[in-house]
Amino acid sequence: MSYRRRGYRRQSNSIGSTVGDVAYIANRFGPKGAFIAGLTGFIFFYFLIPIGLEHWVEYNKAKMTGQNATVMRQLLDSIFSRRFIRPCELAGMAMLVLGAAIALWKIWNEDRLSRVNEREAGFWARLVARLFD
C-alpha cells in the first residue's frame, strides 16, 4: 500500500481573506472602479455589518432576564465588540486603503498588479489599517 501526500490548501474563512478578495476585484477594474470597490467594502464592513450586529445583540439582550442577566449582557457586549465588530471595522479600513492604493497604482502605471503583488497589497493594507487603529 502506497501512501500519497495530498496537497491541501489552507482554508481561511476569516474576514482578512475578504480583503484579498477585494484586492482581486479592484485589480480587475480601472482606477475609478478600484476605488469604488474599496469604498463599497469600507461602507459594508465598517458601517453596515457592525450596525446589524449591534441591533441583533441589543434585541437578544432585551430578552435576557434573571439573576445573571446583567453579567450576561456585559459578556455579550464584550464578546461581540472584540470578536466581530472590531475586526469588521479593521477590514473595512483595510479595504478602503487597498482600493485607494490600487486606484493610484492604476492611474500612475496603467497596468494590473500581479497575483503576488495583490497579496502583498492586501497584507500592507491590513497593516496600515491596524496602524490607523
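The aromatic rings of Phe80 and Phe84 are tilted relative to each other, their planes meeting at an angle between 30° and 60°.
Distance check: Glu58 CD to Asp77 CG gives 6.5 Å after rounding to the nearest 0.5 Å. Rounded to the nearest 0.5 angstrom, Arg126 CZ and Leu98 CG are separated by 8.5 Å. Interatomic distance, Ile102 CD1 to Arg28 CZ, rounded to the nearest 0.5 Å: 9.5 Å. Rounding to the nearest 0.5 Å gives a distance of 10.0 Å between OG1 of Thr40 and CD1 of Ile25.
Placement of Leu104 and Val97 in two distinct hydrophobic clusters is found when ILVMFWY residues are connected by side-chain heavy-atom separations under 4.5 Å, directly or transitively. Two different hydrophobic clusters hold Phe42 and Ile36 under the rule that ILVMFWY side chains link at heavy-atom gaps under 4.5 Å. In this structure, Phe44 is a member of the same hydrophobic cluster as Leu53, with clusters built from ILVMFWY side-chain heavy atoms closer than 4.5 Å. The same ILVMFWY cluster, assembled from side-chain heavy atoms under 4.5 Å apart, contains both Ile85 and Ile49.
A 4.5 Å side-chain heavy-atom check between Leu90 and Phe132 finds every atom pair outside the cut-off. Side chains of Leu39 and Met95 form no contact here, defined as non-hydrogen atoms less than 4.5 Å apart. Taking the side chain as every heavy atom from C-beta outward, Met72 and Leu76 never approach each other to under 4.5 Å.
Scanning both residues, Cys88 and Pro50, for their nearest heavy atoms gives CB-CG, 4.3 Å. Of all heavy-atom pairs spanning Val22 and Ala37, the tightest one is CG1-O, 4.2 Å. The two residues Ala125 and Ala94 have their closest heavy-atom pair at CB-O, 3.5 Å.
Residue Met64 places its CE atom among more than 12 non-hydrogen atoms of other residues, nucleotides or ligands, all under 6.0 Å distant. By the neighbour-count criterion of 12 heavy atoms within 6.0 Å, atom CZ of Arg130 is sparsely surrounded, having that number or fewer from other residues, nucleotides or ligands.
Under a 3.5 Å cut-off, the side chain of Asn60 and the backbone N or O of Trp56 do form a donor-acceptor pair.
A salt bridge does not link Glu54 to Lys61: none of the charged side-chain nitrogens sits closer than 4.0 Å to a carboxylate oxygen.
Between Phe35 and Phe29, the ring centre distance reaches or exceeds 6.0 Å.
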field: Intermediate values then yes/no, side chain to side chain contact (heavy atoms under 4.5 Å, CB included), Thr18 and Phe45
entry: CA-CA 10 Å; Thr18 43; Phe45 278 90; 4.1 Å; yes
message: side chain to side chain contact (heavy atoms under 4.5 Å, CB included) for Tyr24 and Glu118? Distances and angles first, verdict last.
response: CA-CA 7 Å; Tyr24 177 81; Glu118 277 180 19; 3.7 Å; yes
message: Apply side chain to side chain contact (heavy atoms under 4.5 Å, CB included) to residues Trp124 and Leu127 and explain how you reach the verdict.
response: CA-CA 5 Å; Trp124 288 108; Leu127 184 69; 3.4 Å; yes
